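All of these numbers come straight from a predicted model, not from anything done at the bench.
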Amino acid sequence: MGHLKLQMQTGITAIEEAPEQCDASYPNKTTVACMINAEIGAVLAVMRRNVRWGVHYLSDDDQLEHSLVQSLKELRRQIFSWRNQWHAIDPALYLQPFLDVIQSDETGAPITGVALSSVYKILTLDVIDQKTVNVGHTMHLVVDAVTSCRFEVTDPGSEEVVLMKILQVLLACVKSKASIMLSNQHICTIVNTCFRIVHQAGTKGELLQRIARYTMHELVRCIFSHLQEVQNTEQILVNGTTILKQETGGENNMHVFVSREVVNGNLSSAQNSQSLSTNSASSAATVVTATLVGDNSAVTTSGKETDPHDLYLMNEPYGISCMVEIFHFLCSLLNVAEHMGLGPRSNTIAFDEDVPLFALTLINSAIELGGPSIRRHPKLLSLVQDELFRNLMQFGLSTSPLVLSMVCSIVLNLYHHLRTELKLQLEAFFSCVILRLAQSRYGASYQQQEVAMEALVDFCRQETFMVEMYANFDSDISCSNVFEDLANLLSKSAFPVNSPLSSMHILALDGLIAVMQGMAERIGNVGVNSEHSYVNIEEYTPFWMEKCENFSDPNCWVPFACQRKYLKRRLMIGVDHFNRDPKKGLEFLQGEHLLPNKLEPQSVACFFRHTAGLDKNLIGDFLGNHDEFCIQVLHEFARTFDFQDMTLDNALRLFLETFRLPGESQKIQRVLEAFSERYYEQSPHILANKDAALLLSYSIILLNTDQHNVQVKKKMTEEDFIRNNRRINGGSDLPREYLSELYHSICKNEIRTTPENGGGFPEMTSSRWIYLVNKSKDAAPFMVSDSRAYLDHDMFTILSGPTIAAISVVFDNVEHEEIYQTCMDGFLAVAKISAGYRLENVLDDLVVSLCKFTTILDPSSIDEPILAFGDDAKAKLATETVFTIANKYGDYIHTGWRNILDCILRLHKLGLLPARMASDATEDSELGSAAGNGKSNTNSSTQMPSSISAPKKSSGLMSRFSQLLYLGTEEPRSQPTEEELAAHQRALQTIQKCHIDSIFTESKFLQAESLSQLAKALINAAGQPQKGYSSREDEDTAVFCLELLIAITLNNRDRIGLLWQGVYEHIFNIVQSTTMPCVLVEKAVFGLLKICQRLLPYKENIADELLRSLQLVLKLDARVADAYYEQITQEVSRLVKANASHIRSQLGWRTITSLLSITARHLESSEAGFDALLFIMSDGAHLLPANYVLCVDAARQFAESRIGHEERSIQALDLMSGSVSCLTKWAGDAKQAMQEDEVAKMLQDIGEMWLRLVQGLRKVCLDQREEVRDHALLSLKKCLTGDVVIYLPVSLWLVCFDSVIFTLLDDLLEIAQAHSQKDYRKMEGTLIHALKLLSKVFLQLLQDLSELTTFNKIWVSVLNQMEKYMKVKIRGRKSEKLQELVPELVKNTLLVMKTRGMLVKGSAVGGDDLRELTLLHLNNIAPSLQSEVFIKLDAENLQQKQGEAVGDLGSDETVSVPSNETVGSQDGRVIA
């Protein structure tokens, strides 16, 4: 055994050599002498007051003083003559006279009291410490004297004074510096003496009782405070030899000092004859004292003699030996119920609570101070594990709240210090005490329930308690689900079922919230990830015996615990199947690979032995079955037990605790045979063979039934039992003492062979305790968690639902603001955990539950909703919490957004939101503000309205129309009172704290799924668009939601793909359903434009989709379009100017040009539309192959438009003709940068664009306005014969002739003939210009056209046009100018053709057919030309005329034949 470390100096010489070293730490020598002298005088003075201590006369008349007086006087004479320092003087010299007085039975109480006071004073002078000479012997003398104090009792008061002073001196001995010199024996004596005084104080005054208990308490605290200094082993010198001995001894040591106390006698000899049983408390104490002090056999180990080594240790300086004895003594005080004759089922103490409460208090102090050091001392730890905890289980069901509370405090301390050594004990305490008491269905009183709940909440406040419960019990196959049971208890206890809210409900809620807050604090401190994929069981392995490699390493035990929990869940399903049908249950377990495909007896036995929750009746029936496999399972089942060093009755209790003994005799025999065989294998000491074990087991079962069956009237006696078991031990008798012990054990504690009714949490019986202690030997080590989040995810999934429900119910029913805040703290903790583990469903459920408490905001249910909200603390706190969660943990809110938006809309209807909330969100995004800038508009949010309940007016982005919603509805109202203003102010302050606008301004940080859900919620909240809203409120809601939707869209431009489809469809529905101008469609259209304008620079990949969406504008109802087209065009114009460079595709430009083209027909918007077109086409700044045709078409529409001045049409024509330069540039760039095949494709595209250009100009050439018509012809001429080089194929020119030139001439001719001069002025000039254009283009292309096989056809078409124009009549008569022009143009053309040899007979070009065709048409045009052209002229005249013809052709007045050098390159145009 260990004792306190001590370095002793026993030699007085050593101290005398250096006295100066001790002067500083000891009192002045003379001062101490004076003090002791005063004490001598005090004792003598009191003694002289008694005649007995006066002068005595002998026969010779010599005076002789009493020896006590004489010794005191002698001390007085010597005290001032000592020269040594006080620490060098043997303290026995100046203490012995006082001790003699204390021990004398001749002194009365007053004298003894003064002597005790003197000893106390000397002990507290600090002159005696471990360095003092002979201090050990002196301390022993003091303890011996005080504990054997004798005095005459003269009156009760003086007796109590002496007893109090005895306590005072004994406590001073233990607290003094020299206390470590006391032996184990003396410490035990001191404790025993103090307890006897505590016991006697029951009949004394209240003061003595309190002082005695206080002293006992201080003694225990002082002794056990040294436990951490005690070593586990010690070196003991015996005869000069060092012997290392481990802790030994135990209960048998107590008799050492007990027997001594019997020799020394009682504290007060005068009290020996008095009765100590004056009340129930003292009666109980008397029993204890008689048992522990008066009867040596009761405290010695049965059948063993005292170990001499233990006797030696008891005289060593005090250490673990006395602590073990004292702790055992304190535990034995809890066995009062047994000594009082109470039955084992008496869980509630039927005697006064005083004794057990006193003992529990002392035990608690010992554990508090001993702490984790207890585990270093096996004997002390064994007492805690078995005897102490067994008693705690008993007193845990006490009806006394004080006792129960103290039991719970002790268990909490044990959990804190020794939980690694008390795994199964803690499980039993929670299952059999806390979970039983906290539920009324087990008959516990309300006080018991409350104390148990308080204890549970205290445990929940321990940082790692719930984690360790889950890891050690819920994840252990052989243990119950303590975590789930406690969680269910807390959640159910928080629900007020058909009763008002009580403190119990609040207490349970505190426990739940404490658990949640613990998890929330660990969120940022993630340890080993428990969210791993659970083991995939593909084949059976004997997982019953699997152990974790390292239970102290979280990297090992966390995955192990998760896997075991998974196995346990699957196993519990199998248990459920087995309890319904054993055969199907085993088949299910085989299918899950929890049992082998071919059943083995050992695997089934392990399943029965180690699986919690199985029906014990079914196990018993299975094991007792006569089937061969069942018999094999039975024997394997028996082999799983360890019966070594166990008595037969305890082994039988352990065995029968795991199943119900079947009722049939044959089954009973088979079961007991297997048991007896196993027991005899391991404990063959007394029994001769296994048959003896079987017969005795049968006899024990019969005795158990006889003693505990109420129907048996005549009970079996001990003699009957012994007689019934004669000659069963191999023909011999078993020892009588052995059978007697078995008899009394069975009579005292029943072996229960039937399960308890009702299931649930069982009561702890002796059999169960034996089973628990035995099971704890093989139990897996306790896994200790730290502050990191190891298993919180799995725990939270179990606990979250009940917790949210419980908090919601309490919050709904409670009316105290403090509890309001507690509930909100719980909600926030749950939200934090949900977000931390990305449990969106849990967070959504939380939001739904919390939003229910904002129903006060429903304006339809309350007359003055704002006032009600401002005065309702619950609604305000709930609202604030909802938006705190939305702002902090919005990433993981999905469906909950609907409920949050419902709250926002209600606040909006009440006018409590910041006036520019939605627009601020949008404008902040425009400014590119950083996160957190989107705060409430302070001015608008603190403004006081004239009427408290009137809704605020929106002043958001482009919401000027929404302000009209409230116009005309204001009526004169009474001014609000101060109370109303105060309530309104409180409401606004609450909303300010919510920072609702941050939800939308900070939406850019939301995760994708949450953002999508928020957008969907906004669309759903807005409702389906209607052609006409039934109320202004509905439309206002739709507008508000649309503004918020646009705001988050603009704030999330980088993730527009997530939102775009929903936003577009919503706006589309609004546009489609709207037939009249209103705020909603205005917001929709301009919001769409704004989205496009903002996103085009950043999202080129969806530019087409964005721009295509603008086609919605084209689908607007005519009335709506007329109302907004001016503003729409302005927005489109701004969009084009800001983003023209970002629009690349033809699809995008098609939408833009379509919008611009429409403006050409709209008076108010045409100017802005043309301005945008001018921006695009001027100098080809933003013309692209993708938009060329579209822009040309748009320009044509502006040119044709008669809205506005002619100058704009002419300007549009200039844009069209000027665009040819872009075609030239693109063609040149293509040849330089592209491959040959790409160049061909590009040139083909350019040709098509050119064709579309001239076709567009052709249409404008038919315009009714003269200036526009003529300018269009000039522009067409420029495009066909201009200076710009364009490489066009001849085939394209053929198309141009057919679709442009010839068509133009036909159309003009038709207009001239069909319309009056009033409609089309100066058509004659237009016709002239058109004919000249035909002639010039034909001559320009003559070289290439002549090479075509279809040249004759083209030439005939030209001649036909000339013939038509020659015959045309304008206003009923032919045109003289045309009559002159046509022959000249034809002549010029013929001369050029003849020069090229095209009209000569036998020519390769055209041949004779061309000549004949020409002659035929010339007869209709001008017959005179035949002779002029076809007569052979002089070569020089012909060349001259050709030169003149070319000159005339260049001046558009006369035609001459061009020279050969200029035919192919006239006007610089290259014909490809």
Side-chain angles (χ1 to χ4, degrees), residues 466 483-484 487-497 505 508-509 511-520 523 531 789 792-814 819-820 822-857 874-875 877-906 994 999 1006-1018 1020-1021:
M466 279 298 197
F483 167 78
E484 290 188 23
N488 290 334
L489 171 65
L490 289 172
S491 58
K492 290 178 181 177
S493 299
F495 274 84
V497 180
H505 302 127
L509 182 69
L512 280 175
I513 293 177
V515 175
M516 286 298 170
Q517 288 177 333
M519 291 186 190
I523 279 295
E531 301 176 56
D792 287 359
H793 177 271
D794 297 340
M795 294 163 55
F796 183 71
T797 55
I798 297 172
L799 196 56
S800 58
T803 300
I804 293 173
I807 298 175
S808 300
V809 171
V810 173
F811 186 67
D812 191 26
N813 289 275
V814 79
I819 302 177
Y820 290 167
T822 301
C823 293
M824 292 304 102
D825 292 341
F827 277 129
L828 290 173
V830 173
K832 182 178 180 181
I833 303 167
S834 303
Y837 293 116
R838 294 170 172 77
L839 299 173
E840 294 85 358
N841 293 337
V842 177
L843 193 56
D844 288 336
D845 292 342
L846 170 61
V847 170
V848 170
S849 299
L850 194 52
C851 285
K852 292 177 182 177
F853 301 110
T854 61
T855 53
I856 187 72
L857 301 177
K874 182 184 294 186
L877 195 57
T879 304
E880 191 174 335
T881 306
V882 165
F883 291 109
T884 299
I885 292 173
N887 278 303
K888 282 188 175 182
Y889 312 115
D891 278 343
Y892 309 101
I893 298 176
H894 289 177
T895 59
W897 283 122
R898 298 183 181 180
N899 302 82
I900 293 173
L901 284 174
D902 187 45
C903 294
I904 294 176
L905 291 177
R906 288 171 181 166
C994 294
I999 295 174
L1006 287 178
Q1007 290 192 0
E1009 181 61 26
S1010 178
L1011 180 64
S1012 299
Q1013 294 291 341
L1014 174 59
K1016 290 178 182 177
L1018 280 168
N1020 291 331

From [atom1] ([X]) to [atom2] ([Y]), nearest 0.5 Å:
| X | Y | atom1 | atom2 | answer |
| --- | --- | --- | --- | --- |
| M795 | M466 | CE | CE | 7.0 Å |
| L846 | L839 | CG | CG | 12.0 Å |
| T879 | I900 | OG1 | CD1 | 11.5 Å |
| E1009 | L1014 | CD | CG | 11.5 Å |
| T797 | H793 | OG1 | NE2 | 6.0 Å |
| K852 | C903 | NZ | SG | 12.5 Å |

Item checked: L843: which of D891, V848, I885 passes side-chain contact (heavy atoms from CB on, under 4.5 Å) ->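 Of the listed residues D891, V848, I885, the side-chain contact (heavy atoms from CB on, under 4.5 Å) partner of L843 is I885.
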I want to check something: taking the side chain as every heavy atom from C-beta on, are [X] and [Y] in contact at a cut-off of under 4.5 Å?
| X | Y | result |
| --- | --- | --- |
| V882 | F853 | no |
| V842 | F796 | yes |
| M516 | L512 | no |
| T884 | C994 | no |
| I904 | L901 | yes |
| F483 | I798 | yes |

Checklist line | side-chain hydrogen bond (donor to acceptor under 3.5 Å, both in side chains) involving Y889 - partner list, sequence neighbours excluded | finding: none
Item checked: Where Y837 and D792 come nearest, the two heavy atoms and their spacing ->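 Smallest interatomic distance, heavy atoms only, reads OH-CB, 3.1 Å.
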Next item on the list: Determine the minimum heavy-atom distance between A1021 and L905, stating which atoms define it.
Entry: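 Smallest heavy-atom distance, with atoms named: CB-CD1, 3.7 Å.
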Atom pairs and distances, donor-acceptor, side-chain atoms in residues 823-835, under 3.5 Å, two or more places apart:
{"unit_1": "D825", "atom_1": "OD1", "unit_2": "Q821", "atom_2": "NE2", "d": "3.1"}
{"unit_1": "K832", "atom_1": "NZ", "unit_2": "A520", "atom_2": "O", "d": "3.3"}
{"unit_1": "S834", "atom_1": "OG", "unit_2": "V830", "atom_2": "O", "d": "2.8"}

Report, one line per pair, each donor and acceptor closer than 3.5 Å where one atom sits in a side chain of residues 802-813; sequence neighbours left out.
{"unit_1": "T803", "atom_1": "OG1", "unit_2": "L799", "atom_2": "O", "d": "2.7"}
{"unit_1": "S808", "atom_1": "OG", "unit_2": "I804", "atom_2": "O", "d": "2.7"}
{"unit_1": "N813", "atom_1": "ND2", "unit_2": "V809", "atom_2": "O", "d": "2.6"}

Item checked: Counterpart residues, salt bridge (charged side-chain N to carboxylate O under 4.0 Å, His left out), relative to E484 (two or more places apart) -> K565
Item checked: Any residue meeting side chain to side chain contact (heavy atoms under 4.5 Å, CB included) with D902, in chain and number order, not counting sequence neighbours -> R906
Checklist line | Backbone of C851 reached by a side-chain donor or acceptor of T854 within 3.5 Å | finding: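 Checked: pair present.
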Next item on the list: Using the side chain to side chain donor-acceptor pair (under 3.5 Å) rule, collect all pairs that involve residues 892-901, keeping only residues at least two apart or in two chains.
Entry: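 As it turns out, the side chain to side chain donor-acceptor pair (under 3.5 Å) pairs with a partner in residues 892-901, which skip direct neighbours, are D844-T895, Y892-Q1007, W897-S1010.
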